[in-house]
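Step one of this worksheet: look at the structure below.
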Amino acid sequence: MLQVAQVEENFDLFVERLQKRGLTNAAEQLQELISLDGDRKKTQQQLDDIKAKSNQLAKEIGQLFKTGKKDEAEAAKAQTAELKEQSKTLGEALTSLQNQLLDRLYQIPNIPHESVPAGKSEDDNEVVKTVDDNTPKLADGAKPHWDLISEYDIIDFELGNKVTGAGFPIYKRQGARLVRAMINYFLDEAQKAGYMEVQPPIVINEDSGYGTGQLPDKEGQMYGITDSNLYLIPTAEVPITNIYRDVIVKEDELPIKNAGYTPCFRREAGSWGAHVRGLNRLHQFDKVEIVQIVHPEKSYDVLQEMVAHVEKLVKNLELPYRILRLCGGDLGFTSALTFDFEVYSAAQEKWLEVSSVSNFETFQANRLKLRYKDANNKKALAHTLNGSALAVPRILAALLENNQTADGIRVPKVLQPYTGFDLITRP
RNA sequence: AGAGGAGUGGCAGAGUGGUCGAAUGCGGCGGUCUUGAAAACCGUUGUACCGCGAGGUACCGGGGGUUCGAAUCCCUCCUCCUCUGCCA
């Protein structure tokens with residue numbers, strides 16, 4: 001959520017940056033914010049004055065009663081009625097203005113970083129780096145992962161359909177082992193990189209949804225538990241970052257680095273066709289997430305550090321990959337700068353997004369009221385960042401396709417200590 | 001899940017309708033004393049919003065209500081503790 005004071009101070013810059021997202025009416029939207037906030041201040045001032053008068057009067061009445069001047073007290077009481085009426089009216093006006101302001105703020109996305117290219121869709125993302133020396137030359141008759149999955153009997157989509165529904169596969173045999181291996185490998189790497197492992201709830205309340213920005217904008221993306229006002233998490237970012245909601249940390253406690261594994265649940269409403277085939281898009285999937293809370297001056301260095309961490313993972317998995325700088329149109333609502341990682345899935349000849357690493361600057365921290373206190377006890381909003389490290393199913397898809405051989409599917413070296421086998425074999 | 005109890009400043013803990021943003025203790029910060037430290041003593045020590053400032057307003061788990069006036073009374077929700085039940 002933007003800070004109105006910042007908007008006023010950097011009006012032209014913010015407008016220009018928001019236009020990179022394709023927000024053509026950015027100027028009007030920001031102007032509206034400022035004028036609403038102006039009204040809010042004015043109304044609050046008036047209300048405060050009325051309340052000051054009421055408080056004063058109430059004190060006097062108390063004194064009069066104490067000293068036995070009943071008649072005077074009753075007379076003074078009569079004066080309060082009008083003040084009360086005004087206070088009620090102004091109070092309602094203020095609440096309404098505050099709500100309008102919040103509504104607006106909730107609807108305006110984060111200001112893109114200066115390096116974000118303008119653009120409408122994923123086609124306009126900037127390819128920062130492509131490392132494709134691991135791209136395999138597949139033999140004729142190489143199969144897409146969904147065919148390999150049935151051939152090797154490692155995931156059962158039909159069973160998942162039966163037990164839950166489409167998009168909830170059941171991993172089994174070496175498939176289940178491989179998923180568990182990846183999770184452990186990713187967590188171990190995160191720990192080596194200095195992240196503290198946490199295992200958060202996978203169900204969150206409304207406040208948490210607002211804190212990281214899933215609510216109100218993306219309500220349709222989450223599964224709701226409507227009888228208790230809770231949601232299944234779409235990513236571990238939500239519970240892990242919300243640990244620090246309403247928290248003031250000491251400056252020397254930064255950076256805070258947490259990592260956690262959770263299943264993630266996404267409704268993916270309206271998804272259909274080839275890109276939901278097999279493991280390409282699921283309603284439930286496993287992911288290890290890394291989260292950092294840092295000093296504002298350090299956040300872009302940390303973003304690079306996190307990108308490097310993810311890059312190491314895909315490299316170690318021996319997958320061809322590329323790194324994209326997301327354009328304004330593809331940038332997430334809450335993010336200022338995002339790098340996506342895609343791995344090449346050689347049989348379906350597609351790049352699959354497996355990680356998204358973002359700097360949210362103060363956008364989340366402002367909603368979360370997540371601040372740090374410096375040596376002089378000055379408080380300021382911290383910066384938050386997170387990244388997938390990594391999402392499992394698409395990595396699995398690429399591994400299956402790229403590593404298929406006549407004898408079976410080769411398991412990358414780094415995972416072998418975790419799987420206990422180096423080849424996925426037919427049943 | 002049922003019955004009972006409780007939620008107050010960083011922590012502990014008073015306050016049951018009127019100068020209460022809130023006693024007191026601990027902790028923190030500054031100072032005196034000391035070669036240094038401890039002890040002792042003195043002072044200071046919540047957050048947010050509005051205002052150039054003086055200052056004002058709000059906050060005693062959250063929300064709503066009664067009242068001229070609410071930490072204090074009422075309703076509701078949440079959380080914690082104890083007992084009973086259930087369960088991995």
Side-chain angles (χ1 to χ4, degrees), chain A residues 1-9 33-105 199-211 215-216 224-231 239 242-253 256 263 362 364-382:
Chain A
M1 184 162 78
L2 300 181
Q3 298 158 272
V4 180
Q6 297 278 312
V7 172
E8 281 188 76
E9 224 169 283
L33 269 188
I34 292 171
S35 94
L36 265 173
D37 195 49
D39 291 349
R40 190 208 103 231
K41 286 179 186 176
K42 228 183 283 163
T43 308
Q44 181 171 343
Q45 188 65 67
Q46 291 169 358
L47 179 62
D48 284 358
D49 287 347
I50 297 287
K51 283 191 168 171
K53 278 185 201 150
S54 302
N55 288 344
Q56 184 54 38
L57 209 47
K59 270 183 194 169
E60 285 167 16
I61 292 170
Q63 276 308 314
L64 290 173
F65 272 122
K66 242 184 192 166
T67 50
K69 298 174 182 160
K70 265 211 163 153
D71 293 346
E72 287 178 48
E74 290 300 334
K77 262 193 186 183
Q79 294 177 43
T80 63
E82 195 191 342
L83 286 176
K84 238 189 162 179
E85 193 53 44
Q86 289 175 356
S87 155
K88 198 183 163 202
T89 311
L90 282 168
E92 281 164 3
L94 181 62
T95 306
S96 157
L97 283 168
Q98 283 169 335
N99 288 339
Q100 285 177 54
L101 188 61
L102 256 188
D103 282 349
R104 299 286 169 195
L105 282 168
Q199 202 176 76
I202 60 175
V203 176
I204 47 119
N205 59 26
E206 272 191 313
D207 286 346
S208 292
Y210 278 96
L215 292 175
I225 303 174
T226 49
D227 62 359
S228 36
N229 261 319
L230 300 171
Y231 297 87
N242 270 283
I243 293 171
Y244 301 94
R245 174 154 45 83
D246 293 320
V247 167
I248 301 174
V249 298
K250 292 200 197 85
E251 189 175 18
D252 60 16
E253 291 169 338
I256 292 167
T362 58
Q364 289 184 329
N366 189 28
R367 287 199 187 183
L368 292 160
K369 295 193 173 57
L370 162 53
R371 290 164 295 172
Y372 69 93
K373 194 158 64 169
D374 70 17
N376 301 317
N377 271 341
K378 281 262 184 210
K379 293 168 198 74
L381 293 173

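The analysis underlying the following values was restricted to heavy atoms, covering all of them including side chains, and did not include hydrogens, waters or symmetry mates. In what follows, every chain begins at residue 1, and chains take the letters A, B, ... in the order their sequences are listed. The structure presented is a predicted model; accordingly, all values stated were derived computationally and were not measured.
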Separation between the P atoms of B:rU24 and B:rA14, rounded to whole Å:
15 Å
Quote, to the nearest angstrom, the C1' distance that separates B:rG85 from B:rA3.
11 Å
Please say whether more than 12 non-hydrogen atoms of neighbouring residues, nucleotides or ligands are located less than 6.0 Å from CD in A:Gln199.
no
5'-most by nearest nucleotide on RNA chain B - A:Asp48 or A:Ser54:
A:Asp48
Find the distance A:Lys42:NZ to B:rU57:C1' and express it as a whole number of Å.
19 Å
Which nucleotide, in any strand shown, forms a Watson-Crick or G-U wobble pair with B:rU35, with both distances under 3.5 Å?
none
Quickly work out the A:Glu72 CD to B:rC68 P distance and round it to whole Å.
18 Å
So, the side chain of A:Thr80 versus the backbone of A:Ala76: is there a donor-acceptor pair under 3.5 Å, distance only?
no
When rounded to the nearest Å, what value does the distance between C1' atoms of B:rU19 and B:rA70 take?
15 Å
Is there a Watson-Crick or G-U wobble partner for B:rA1 with both distances under 3.5 Å, and if so, which one is it?
B:rU84
Is the phosphate of B:rC50 approached by A:Arg40 (side-chain N or O, under 4.0 Å from OP1 or OP2)?
yes
Write down the distance between CZ (A:Arg245) and P (B:rU47), rounded to a whole number of angstrom.
21 Å
Expressed as a whole number of angstroms, how long is the span from A:Lys59:NZ to B:rG21:C1'?
11 Å
If we call it a pair only when both distances are under 3.5 Å in a Watson-Crick or G-U wobble match, what pairs with B:rG30?
B:rC42
Do A:Ser96 and A:Glu92 have side-chain N/O donor and acceptor atoms under 3.5 Å apart?
no
Sticking with atom C1', work out how far B:rC26 lies from B:rU16, rounded to a whole angstrom.
26 Å
Which atom of A:Leu2 lies closest to which atom of A:Asn366, heavy atoms considered:
O-ND2, 3.4 Å
For atom C1', what is the distance between B:rC50 and B:rC33, given to the nearest Å?
45 Å
If you only use heavy atoms from C-beta on, which nucleotide in B:rC50, B:rG18, B:rU57 is closest to the side chain of A:Ala52?
B:rU57
Rounded distance in Å - NZ (A:Lys51) to P (B:rC59)
7 Å
Taking the C1' atom in each of B:rC74 and B:rU66, what is the distance between them to the nearest angstrom?
7 Å
Expressed in angstrom and rounded to an integer, what is the separation of A:Leu101 atom CG from B:rA48 atom P?
18 Å
With C1' as the reference atom in both, quote the distance from B:rC20 to B:rA71 in angstrom, rounded to an integer.
8 Å
First of A:Lys53 and A:Gln63 reached from the 5' end of RNA chain B, by closest nucleotide:
A:Gln63
Just wondering, do A:Leu370 and A:Gln364 contact through their side chains at under 4.5 Å, heavy atoms?
no
In Watson-Crick or G-U wobble terms, both distances under 3.5 Å, what is the partner of B:rG9?
none
Salt-bridge test for A:Arg40 and A:Asp37: reply yes if a basic N is under 4.0 Å from a carboxylate O, no otherwise.
yes
Nearest-Å distance, CG (A:Asn205) to C1' (B:rG61)?
15 Å
With a 4.5 Å cut-off on side-chain heavy atoms, are A:Asn205 and A:Asn229 touching?
no
With both distances kept under 3.5 Å, what pairs with B:rA48, Watson-Crick or G-U wobble?
B:rU57
Under 4.0 angstrom between A:Lys379 side-chain N/O and B:rU47 OP1 or OP2
yes
Among B:rA48, B:rC50, B:rG18, the one nearest any side-chain atom of A:Phe65 is B:rG18
B:rC60 versus B:rG13 - spacing of their C1' atoms, nearest Å
13 Å
Report yes if at least one side-chain N or O of A:Lys84 is closer than 4.0 Å to OP1 or OP2 of B:rG69; otherwise report no.
yes
From the set B:rC68, B:rG51, B:rA48, return the single nucleotide nearest to any side-chain atom of A:Lys41.
B:rG51
Between P on B:rG69 and CG on A:Leu83, what's the gap in Å once rounded to a whole number?
10 Å
Is A:Ile61 touching bases, backbone alone, or none of the nucleic acid, heavy atoms closer than 4.0 Å?
base
Does B:rA58 have OP1 or OP2 under 4.0 Å away from a side-chain N or O of A:Asn55?
yes
